[in-house]
**Student:** 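This is the structure I have questions about; it appears just below.
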2 protein chains.
Amino acid sequence: MVTIKQVAELAGVSFKTVSRVVNKEPGVKPANIVKVEKAIQQLGYRPNKAASLVRKKQSDIIGFISDEISTTPASVAILKGAQDMAWEKGKTLMVFNLDPNNPDKDKLYEECLQHRAEGIIYGAMYHQAVSFSKLFKTLPTVLVNCISTDNDFPAIVPDDEQAGYYITKQLLYKGYRKIAFLNLNPQIIAAKQRQQGYIKALNEYGIAEQNRHISAIETVINGETINIASKVAKQVISEFKPDAVLCGKDLAAIKVYFVIERLGLTVGKDIGVASFDNWHDIPEILEPGLSTMALPYYEMGRLAVSRLLSEIKKPGDISEYKMPCLLCDRASF
Amino acid sequence: MVTIKQVAELAGVSFKTVSRVVNKEPGVKPANIVKVEKAIQQLGYRPNKAASLVRKKQSDIIGFISDEISTTPASVAILKGAQDMAWEKGKTLMVFNLDPNNPDKDKLYEECLQHRAEGIIYGAMYHQAVSFSKLFKTLPTVLVNCISTDNDFPAIVPDDEQAGYYITKQLLYKGYRKIAFLNLNPQIIAAKQRQQGYIKALNEYGIAEQNRHISAIETVINGETINIASKVAKQVISEFKPDAVLCGKDLAAIKVYFVIERLGLTVGKDIGVASFDNWHDIPEILEPGLSTMALPYYEMGRLAVSRLLSEIKKPGDISEYKMPCLLCDRASF
DNA sequence: GAAATTTTGGACAACGTTGTTATATTGTCT
DNA sequence: AGACAATATAACAACGTTGTCCAAAATTTC
């Protein structure tokens, strides 16, 4: 690769002058700037970031550690948001995925340290509590879509309670009075919080106990999550006879659509359907389009980076930021 | 950050000795190895990769440039495969996504050059032809899920013709004789090649012209792709009356399922359905499970890295590698 | 016990940058 | 024209590491 000295030689100046031109420092006369720029062009010179890091002790690198990025599109949006914001701030993201068979967070953290990352973003594929070794205290660190079991890191999570509350309120507002909630595995944070929001909204409208229903569409057997949405939906719809169904995720809503159709009913007319995720193309593919609470992953990713950067400047804020969710209103209720 | 010299001081040896221990070079007596390792532990020393790169002129970094990673889960699997293989080979992936509003490949390439990446992988979100500036000739480069318009780069793409051929053959083998192909936008490479495979299989079975049908489920208006799968499916199924439908993608198959159900028919019994993608959880969520040709994205990502590494060692192989696709057999035909 | 050989350690240069400081060049004002 | 400031350039050290080479120490051989 061509170095700064070769450029200097071709341009007929000292290599320090070239450095000044490259870094847009003042104090180089215009004629020399032109000469240097021509030489850079001609030789195809690019500054060596590693060398610059060694000297400046500033890497402009942010480490992004993710658990299982490929399993769900969620983390992809987080990553994209983080990458965009990083780019805007002149930083580069170095992305590492945990190996699901051998999830060693510390090993990836070490890698980031060796690259002299200035901070770390840890992203999870679903809203959960994660425990971290004390190694994670080495650099400023921000969690996205998860919280620390010890609550000792700044975190950015979706406001699942608000989401549950808001969409239930919307259903009630539109006149539905018997809303069944087919929730995710009740162990996970998102499920618990959404349920609270659901209940809060029902309480505000004074919905009677016999017009409420919550059941889980997932059960955990031997650590594996089993999806039983179809069976549960069939049963709940025919027995509880709701006028609307609130699903824990869009992928389950697909099943609910099928169940409703097979019962000879029409979604959005005979029975309302609502959901959480806004999972890629799914809500738009369904007919009628699925109204669903969008989880603001992209924005969370962006916020993670900007928050990390302020954490680097001025550490100490370990609060949990709850990102509000937005309703994507279509025609299913 | 703690440096090699601080470690040396604490261990009571010269800093070169520490370097030898860190790099597992021979010629350090066991007692000193222990002393050095203890000092490293105690101070939390990590070698500075940037400094090492400056000296060794080897970055162990591979640049990964992707167009629009977030739009489709496809590229995520490619990325994951690439990352896994890179990790196995002791390399680090530096990931960059094109900004869809301002897709400047060269700018990202420059970034990789500045980090002294040893090679570049360019991944596309769907099988297509892409044109590259001559800047891309700077480093060894491998394309994934796309080819160069000038055919001047090694590329790894799915074997869409084989996929179309294989799944059609399977349908025929199971007794279907009137297979409608609801293909993607016929402009794109995948659609063209799958169609060739479809036709080749039908020819082998001597299927008559009136028992063949191809139509597009996508149309392009002003550069925007419009999905018209539902309308087309309804029309084709009621008029052409196929005994099986081959869909261009799983997301369209969902629509086809609904159309079939609404006509009072049952998928897998009255009419077979097959598709392409094996798009995340979709095929399993459908009932019956959707039999679909899996696009081997993860494997393509892995191969991209290993091929790039051999390209770095011995350049010159610009052939196009067609990755065979596998049928994920479920119950829809 | 001395010489020859092997093992181990350390001094120094180098990698491609940037920061600091001294020097050379230019311009301005008396 | 000369003094002085301002500006532009150059020389050199430093960043944290690895490669080279030679010296010192330890070990083996005679």
Side-chain angles (χ1 to χ4, degrees), chain A residues 1-40 43-61 90 92 110-118, chain B residues 1-40 43-61 90 92 110-118:
Chain A
M1 278 254 80
V2 33
T3 77
I4 206 169
K5 288 186 187 168
Q6 294 171 272
V7 175
E9 195 177 356
L10 181 62
V13 298
S14 92
F15 70 95
K16 182 62 235 223
T17 302
V18 177
S19 168
R20 274 201 268 267
V21 173
V22 170
N23 295 298
K24 298 193 177 28
E25 283 170 38
V28 182
K29 70 176 159 193
N32 276 354
I33 295 186
V34 172
K35 272 200 290 183
V36 168
E37 279 174 347
K38 227 171 91 183
I40 288 177
L43 294 174
Y45 165 76
R46 349 251 159 201
N48 183 331
K49 287 224 175 190
S52 141
L53 156 59
V54 169
R55 186 69 241 253
K56 290 203 295 188
K57 294 164 164 268
Q58 198 192 338
S59 67
D60 288 329
I61 288 176
T92 298
E110 286 285 352
E111 188 77 10
C112 294
L113 282 172
Q114 293 195 5
H115 283 283
R116 295 299 184 267
E118 297 170 352
Chain B
M1 277 257 80
V2 33
T3 76
I4 205 169
K5 288 187 186 167
Q6 294 170 268
V7 175
E9 194 178 357
L10 180 63
V13 298
S14 92
F15 71 95
K16 181 65 234 232
T17 303
V18 177
S19 169
R20 275 201 267 264
V21 172
V22 169
N23 295 298
K24 297 192 176 31
E25 284 170 37
V28 182
K29 66 177 159 193
N32 276 354
I33 294 186
V34 172
K35 274 199 289 182
V36 168
E37 279 174 347
K38 228 171 87 183
I40 288 177
L43 294 174
Y45 166 76
R46 349 253 158 200
N48 184 331
K49 286 224 176 189
S52 142
L53 156 59
V54 171
R55 183 72 242 253
K56 290 204 296 189
K57 293 164 165 267
Q58 199 191 338
S59 67
D60 288 330
I61 288 176
T92 298
E110 286 285 351
E111 188 78 11
C112 295
L113 283 172
Q114 293 194 6
H115 283 281
R116 296 300 184 262
E118 297 170 351

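Chain letters run A, B, ... following the sequence lines, proteins first, then strands; residues in each count from 1.
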**Student:** What integer distance in Å separates E25(B):CD from dT20(D):C1'?
**Tutor:** 11 Å
**Student:** Is there a side-chain contact between N32(A) and the phosphate of dA8(D), meaning an N or O under 4.0 Å from OP1 or OP2?
**Tutor:** no
**Student:** Which sits closer to the 5' end of DNA chain C, P47(A) or K29(B), going by the nucleotide each is nearest to?
**Tutor:** K29(B)
**Student:** Can you tell me how far C1' of dG16(D) sits from CG of L43(B), to the nearest Å?
**Tutor:** 15 Å
**Student:** Which is true for V13(B) with a 4.0 Å heavy-atom rule: it touches a base, it touches only sugar-phosphate, or it touches nothing?
**Tutor:** sugar-phosphate
**Student:** Rounding to a whole Å, what distance do you find between Q114(A):CD and dT18(D):P?
**Tutor:** 10 Å
**Student:** Please name the residue in the list T3(B), V2(B), V7(B) that meets the side-chain contact (heavy atoms from CB on, under 4.5 Å) test with K5(B).
**Tutor:** T3(B)
**Student:** Consider the side chain of N48(A), meaning its heavy atoms from C-beta on, and name the nucleotide among dG16(C), dC12(D), dG10(C) that approaches it most closely.
**Tutor:** dG16(C)
**Student:** Testing the basics here: between H115(B) and T92(A), what is the closest heavy-atom pair and its distance to 0.1 Å?
**Tutor:** NE2-OG1, 3.8 Å
**Student:** Looking only at heavy atoms, what is the nearest atom pair of M1(A) and Q6(A), with distance?
**Tutor:** O-OE1, 3.7 Å
**Student:** Compare side-chain N and O positions of N23(B) against OP1 and OP2 of dT18(D) and report whether any pair is under 4.0 Å apart.
**Tutor:** yes
**Student:** Heavy atoms under 4.0 Å, any strand shown: does P26(B) hit a base, just sugar-phosphate, or nothing?
**Tutor:** nothing
**Student:** A side-chain contact here means heavy atoms from C-beta on lying under 4.5 Å apart; do R116(B) and K57(B) qualify?
**Tutor:** no
**Student:** As a test of reading the structure: which of dT18(C), dT18(D), dT17(D) is closest to the side chain of K5(B), going by heavy atoms?
**Tutor:** dT17(D)
**Student:** Please confirm whether any donor atom in the side chain of K16(B) sits under 3.5 Å from an acceptor in the base of dG19(D), or the reverse.
**Tutor:** yes
**Student:** To the nearest Å, give me how far apart CE (M1(B)) and P (dG16(D)) are.
**Tutor:** 11 Å
**Student:** Check whether E118(B) reaches the backbone of S59(B) with its side chain - one donor and one acceptor, N or O, closer than 3.5 Å.
**Tutor:** yes
**Student:** Just wondering, are more than 12 heavy atoms of other shown residues or ligands nearer than 6.0 Å to CD in E9(A)?
**Tutor:** no
**Student:** To the side chain of A51(A), which of dT18(D), dT17(C), dT18(C) is closest?
**Tutor:** dT17(C)
**Student:** For the side chain of R116(B) and the base of dG16(C), is some donor closer than 3.5 Å to an acceptor across the two?
**Tutor:** no
**Student:** Identify which nucleotide among dG16(D), dG19(D), dG10(C) has an atom closest to any side-chain atom of V54(A), counting heavy atoms from C-beta outward.
**Tutor:** dG16(D)
**Student:** May I have the distance from I4(B) (atom CD1) to dG16(D) (atom P), rounded to whole angstrom?
**Tutor:** 11 Å
**Student:** Starting from P on dT7(C), measure out to CD1 on I33(B) and report it in whole angstrom.
**Tutor:** 14 Å
**Student:** If you compare every side-chain N and O of T3(B) against the phosphate oxygens of dG16(D) (OP1, OP2), does one of them come in below 4.0 Å?
**Tutor:** no
**Student:** Categorize K57(B) for me: base, sugar-phosphate, or nothing, with a 4.0 angstrom heavy-atom threshold over every strand shown.
**Tutor:** sugar-phosphate
**Student:** Between S14(B) and dG10(C), is there a contact of a side-chain N or O with OP1 or OP2 at under 4.0 Å?
**Tutor:** yes
**Student:** Rounding to an integer number of Å, can you tell me how far R55(A) CZ sits from dT18(C) C1'?
**Tutor:** 5 Å
**Student:** Given atom CD of Q6(A) and atom P of dC15(C), what is their separation to the nearest angstrom?
**Tutor:** 11 Å
